[in-house]
Amino acid sequence: MIGLVRRQVRELHVPWLEAMARGERDPFKVLISCILSLRTQDRTTGGASERLFALASTPEEMASLTVEEIQEAIYPVGFYKVKAERIRSLSRTIVERYHGRVPDSIDELLRLKGVGRKTANLVVTLGWNKYGICVDTHVHRITNRWGYVKTRDPEKTEAALREKLPKRYWREINGLLVAFGQGICRPQSPLCSRCRIRDYCDRVGVVRHR
DNA sequence: AAAACGGGGGC
DNA sequence: GCCCCAGTTTT
């Protein structure tokens with residue numbers, strides 16, 4: 001199954017994969033980018049992270065900005081007030097409690113206000129190059145459509161995927177699953193006619209094929 | 001015009 | 001478990 005997904009994704013031209021290839025490896029920038037993209041489609045962020053990082057690219061610099069300055073920089077992403085406050089408080093916490101170094105463990109990251117499992121896993125995998133399984137809404141949706149896991153709870157999906165997926169290729173697989181969800185197994189009107197794994201999918205005959 | 005989209009906190 | 005947060009894209 002993963003092999004088929006891999007072949008499928010190689011045929012796609014997905015912006016997310018380009019971002020992976022460019023490789024944001026600074027844990028702090030990964031963290032802040034995560035906050036910015038919460039409940040927001042990738043293509044709708046409108047250069048917000050670039051504008052913000054031009055103002056401040058370290059926890060120290062970010063902590064010295066006002067909430068208003070952060071808001072102005074990140075508009076028009078949705079939920080900009082909540083996000084600006086979280087970005088400021090996270091930056092301050094990282095400076096004060098962690099001496100400016102973003103934590104590198106899931107458990108430690110989860111103690112931060114504004115950091116949930118998806119964000120914690122992304123920081124750990126992209127920023128620190130350590131094992132993690134990033135379950136965003138795409139990964140949750142597609143693995144449940146396949147019947148690979150069966151639960152409404154993304155946290156349970158993550159636990160199941162940690163069990164079922166091969167451990168060796170976690171970095172590539174994290175990318176493949178998101179790319180597949182964005183490019184083929186989309187939220188509405190999935191491109192079933194182009195899907196390489198439709199024969200194995202629970203939803204054959206249920207979803208609309210295009 | 002209306003619905004879909006997508007994480008986490010507070011209660 | 002339910003509600004809140006704010007914008008863009010799709011139908």
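Just so it is clear: chains get the letters A, B, ... in the order the sequence lines come, proteins before strands, and each one is counted from 1.
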Which nucleotide sits closest to the side chain of [X]: [options]?
{"X": "A:T119", "options": "B:dG10, B:dG6, B:dG8", "value": "B:dG8"}
{"X": "A:Q41", "options": "C:dT9, B:dC5, B:dG8", "value": "B:dC5"}
{"X": "A:Y75", "options": "B:dG6, B:dG10, C:dG7", "value": "C:dG7"}
{"X": "A:Q188", "options": "B:dG7, C:dT8, B:dC5", "value": "B:dC5"}

Can you tell me if the side-chain N/O atoms of A:S189 get under 4.0 Å from OP1 or OP2 in C:dT11?
yes

Would you say A:T137 places a side-chain N or O within less than 4.0 Å of OP1 or OP2 belonging to B:dG6?
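True: A:T137 side-chain N/O within range (under 4.0 Å) of B:dG6 OP1/OP2.
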
Rounded distance in Å - [atom1] ([X]) to [atom2] ([N]):
{"X": "A:K81", "N": "B:dG8", "atom1": "NZ", "atom2": "C1'", "answer": "18 Å"}
{"X": "A:N121", "N": "B:dG7", "atom1": "CG", "atom2": "C1'", "answer": "13 Å"}
{"X": "A:Q182", "N": "B:dA4", "atom1": "CD", "atom2": "P", "answer": "20 Å"}
{"X": "A:R152", "N": "C:dG1", "atom1": "CZ", "atom2": "P", "answer": "14 Å"}
{"X": "A:R186", "N": "B:dA3", "atom1": "CZ", "atom2": "P", "answer": "21 Å"}
{"X": "A:L109", "N": "B:dG7", "atom1": "CG", "atom2": "P", "answer": "17 Å"}
{"X": "A:R86", "N": "B:dG7", "atom1": "CZ", "atom2": "P", "answer": "12 Å"}
{"X": "A:D136", "N": "B:dG6", "atom1": "CG", "atom2": "P", "answer": "8 Å"}

To the nearest 0.5 Å, what is the distance between CZ on A:F53 and CG on A:L36?
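A:F53 CZ to A:L36 CG: 6.5 Å, rounded to 0.5 Å.
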
Once rounded to the nearest 0.5 Å, what's the spacing between atom CG of A:L38 and atom CZ of A:F79?
9.5 Å

Would you mind telling me which residue lines up with the more 5' stretch of DNA chain B, A:H138 or A:V115, judged by nearest nucleotide?
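It is A:H138, whose closest nucleotide lies nearer the 5' terminus.
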
Check every strand shown and say whether A:K113 touches a base, only sugar-phosphate, or nothing at a heavy-atom separation below 4.0 Å.
sugar-phosphate

When all nucleic acid strands are considered with a 4.0 Å heavy-atom cut-off, which category describes A:L112: base, sugar-phosphate, or nothing?
sugar-phosphate

A:P190, A:C185, A:C201 screened by side chain to side chain contact (heavy atoms under 4.5 Å, CB included) with A:I142, the one that passes:
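The option that passes is A:C185.
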
Provide the distance between the two P atoms, one in B:dG6 and one in C:dT11, to the nearest whole Å.
13 Å

When rounded to the nearest Å, what value does the distance between P atoms of B:dG8 and C:dT8 take?
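Pairwise P distance, B:dG8 against C:dT8, rounds to 22 Å.
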
Side-chain heavy atoms of A:L31 within contact of A:I94, under 4.5 Å:
yes

Residue pair A:V139 / A:L161, side-chain heavy-atom distance below 4.5 Å
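Yes, at least one pair of side-chain atoms sits under 4.5 Å.
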
A:V82 or A:R43, whichever maps to the more 5' nucleotide of DNA chain C
A:V82

Partner lookup for B:dA1, please. Criteria are Watson-Crick or G-U wobble with both distances under 3.5 angstrom; report none if nothing qualifies.
C:dT11

Do A:R101 and A:W128 form a cation-pi contact, if we require the NZ or CZ to be under 6.0 Å from the six-membered ring centre and within 45 degrees of the ring's axis?
yes

